[in-house]
J.: 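I'd like to ask some things about the structure below.
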Amino acid sequence: MKIIPARPDDVSWLLAFREEAAAWLSRLGTDQWQRPYPADKLLETIQAGTVFMVQDGDATAATITLTPEVEEGLWTEQELAEPSLFINKLSVARTYAGQNLGGRLLDWAGDRAYRAGAKWLRLDAWTTNKDLQAYYLRHGFEHVRTVLEGAAINGGPRVSGWLAQRQTRPTEHVFMDGTPEPARIGGT
């Protein structure tokens with residue numbers, strides 16, 4: 001499997017990928033990702049070079065966004081002063097479920113963040129999805145706090161404010177990495 005940057009012409013496909021994940025999540029009894037994600041916001045993140053896809057031959061097996069940008073109101077000024085990269089929109093195709101692909105993507109993200117000079121790999125998860133929160137805890141993240149105030153990027157109240165982090169480190173993630181070397185962050 002190879003990890004590559006997403007391209008602008010991947011927007012429609014990535015939105016459909018997210019809809020597949022939303023349908024699966026709904027069957028599990030969670031309201032996560034039930035509101036459509038704005039295509040223009042997704043395109044902005046692709047153009048910024050922060051959206052990545054895992055390719056298995058011609059099939060896309062997973063996607064992740066890894067960015068230095070953070071949604072306003074989640075992290076404190078002190079936390080934001082620490083070099084960090086943030087995970088968003090991690091999703092694995094159902095046909096690849098049960099293969100620890102998400103865990104390997106988290107390791108890839110932690111390794112990439114480490115190479116960029118980040119101390120922390122951080123995320124904000126769905127506040128009501130306890131299974132997702134437990135998943136991140138099993139993968140070495142520590143819960144920092146839950147933020148309920150504010151608005152969601154796609155409208156309505158904040159729904160993704162369960163904050164967690166783990167220290168970055170070099171990791172064997174087993175992907176062929178077809179991404180450019182990450183830009184250094186945090187003044188290092």
Side-chain angles (χ1 to χ4, degrees), residues 1-25 32-72 74 83-118 120-126 129 132 135-136 139 141 152-155 159-160 164 166 168 171-185:
M1 288 189 194
K2 183 176 185 175
I3 189 160
I4 60 171
R7 299 174 318 271
D9 60 350
D10 292 322
V11 168
S12 296
W13 187 92
L14 286 169
L15 289 173
F17 197 81
R18 184 179 171 102
E19 288 175 14
E20 175 196 32
W24 172 72
L25 289 164
Q32 183 172 340
W33 290 0
Q34 297 307 303
R35 278 188 246 139
Y37 194 80
D40 60 328
K41 297 286 186 197
L42 180 57
L43 180 59
E44 286 175 20
T45 58
I46 290 172
Q47 291 171 330
T50 61
V51 181
F52 303 93
M53 302 185 328
V54 175
Q55 296 295 132
D56 184 18
D58 291 335
T60 299
T63 182
I64 190 171
T65 299
L66 182 63
T67 179
E69 303 299 319
V70 63
E71 195 174 320
E72 190 174 321
L74 291 175
S84 305
L85 285 180
F86 300 87
I87 296 170
N88 305 143
K89 299 182 283 300
L90 170 62
S91 184
V92 175
R94 294 298 81 216
T95 53
Y96 289 86
Q99 300 177 30
N100 193 33
L101 189 52
R104 293 189 327 228
L105 258 177
L106 292 172
D107 288 342
W108 172 85
D111 181 76
R112 185 172 180 84
Y114 178 83
R115 290 185 289 124
W120 297 107
L121 182 62
R122 291 178 165 153
L123 59 85
D124 59 287
W126 209 258
N129 190 337
L132 179 62
Y135 174 84
Y136 286 124
H139 284 280
F141 286 82
I153 195 167
N154 55 348
V159 288
S160 189
R166 77 178 193 193
T168 64
T171 310
E172 291 296 323
H173 48 72
V174 305
F175 295 115
M176 286 183 13
D177 197 335
T179 65
E181 192 62 25
R184 299 288 294 174
I185 62 168

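What's counted below: heavy atoms across the whole structure, side chains too, no hydrogens, waters or symmetry copies.
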J.: Determine the minimum heavy-atom distance between Pro5 and Gly178, stating which atoms define it.
T.: CD-O, 3.6 Å
J.: Nearest 0.5 Å, what's the CZ-OG1 distance between Phe52 and Thr67?
T.: 9.0 Å
J.: Once rounded to the nearest 0.5 Å, what's the spacing between atom NZ of Lys41 and atom CG of Leu43?
T.: 11.5 Å
J.: Quick test of your reading of the model: are Arg104 and Asp107 salt-bridged, counting only N-O distances below 4.0 Å?
T.: no
J.: Taking all atoms of both residues into account, what is the closest heavy-atom pair of Gly117 and Arg184, and its distance?
T.: N-NH1, 3.4 Å
J.: Between Leu105 and Ile3, does a side-chain contact (heavy atoms from CB on, under 4.5 Å) hold up when you go through it step by step?
T.: CA-CA 9 Å; Leu105 258 177; Ile3 189 160; 3.5 Å; yes
J.: So, do Thr65 and Ile46 sit near enough that their side-chain heavy atoms are less than 4.5 Å apart?
T.: no
J.: For Tyr114, is the OH atom crowded, meaning more than 12 foreign heavy atoms sit under 6.0 Å from it?
T.: no
J.: Looking only at heavy atoms, which two atoms of Thr45 and Val51 are closest? And how far apart?
T.: OG1-CG2, 3.3 Å
J.: Between His139 and Asn100, is a side-chain contact (heavy atoms from CB on, under 4.5 Å) present by the stated rule, with each step listed?
T.: CA-CA 10 Å; His139 284 280; Asn100 193 33; 3.5 Å; yes
J.: Ala118 and Ile185: which non-hydrogen atoms are nearest, and at how many Å?
T.: CB-CD1, 3.5 Å
J.: Taking all non-hydrogen atoms of both residues, which atom of Thr168 and which atom of Gly110 are closest, and how far apart?
T.: CB-O, 3.5 Å
J.: Might you confirm whether atom CD of Glu172 has over 12 heavy atoms from other residues, nucleotides or ligands at distances under 6.0 Å?
T.: no
J.: Does a side-chain heavy-atom distance below 4.5 Å link Thr179 with Arg112?
T.: yes
J.: To the nearest 0.5 Å, what is the distance between CZ (Phe141) and CD1 (Ile87)?
T.: 4.0 Å
J.: Using the side chain to side chain contact (heavy atoms under 4.5 Å, CB included) rule, pick out the option among Leu66, Thr171, Val54 that qualifies with Trp108.
T.: Leu66
J.: Working to the nearest 0.5 angstrom, can you tell me the gap between Asn129 CG and Tyr136 OH?
T.: 9.5 Å
J.: Rounded at 0.5 Å granularity, tell me how far CD in Gln99 sits from CE in Met1.
T.: 5.5 Å
J.: Would Met53 and Asp10 count as a side-chain contact (heavy atoms from CB on, under 4.5 Å) here? Give the steps.
T.: CA-CA 10 Å; Met53 302 185 328; Asp10 292 322; 3.5 Å; yes
J.: Check Ala97 against Val92 and note the closest heavy-atom contact, atom names and distance.
T.: N-CG1, 4.4 Å
J.: Please tell me if the side chains of Leu101 and Phe175 come closer than 4.5 Å, counting only heavy atoms from C-beta onward.
T.: yes
J.: Are Ile4 and Gln55 side-chain neighbours, meaning at least one heavy-atom pair lies under 4.5 Å?
T.: yes
J.: Would you mind reporting whether Leu123 and Arg166 have side-chain heavy atoms less than 4.5 Å apart?
T.: no
J.: Does Tyr96 reach the main-chain N or O of Gly102 with its side chain, forming a donor-acceptor pair under 3.5 Å?
T.: no
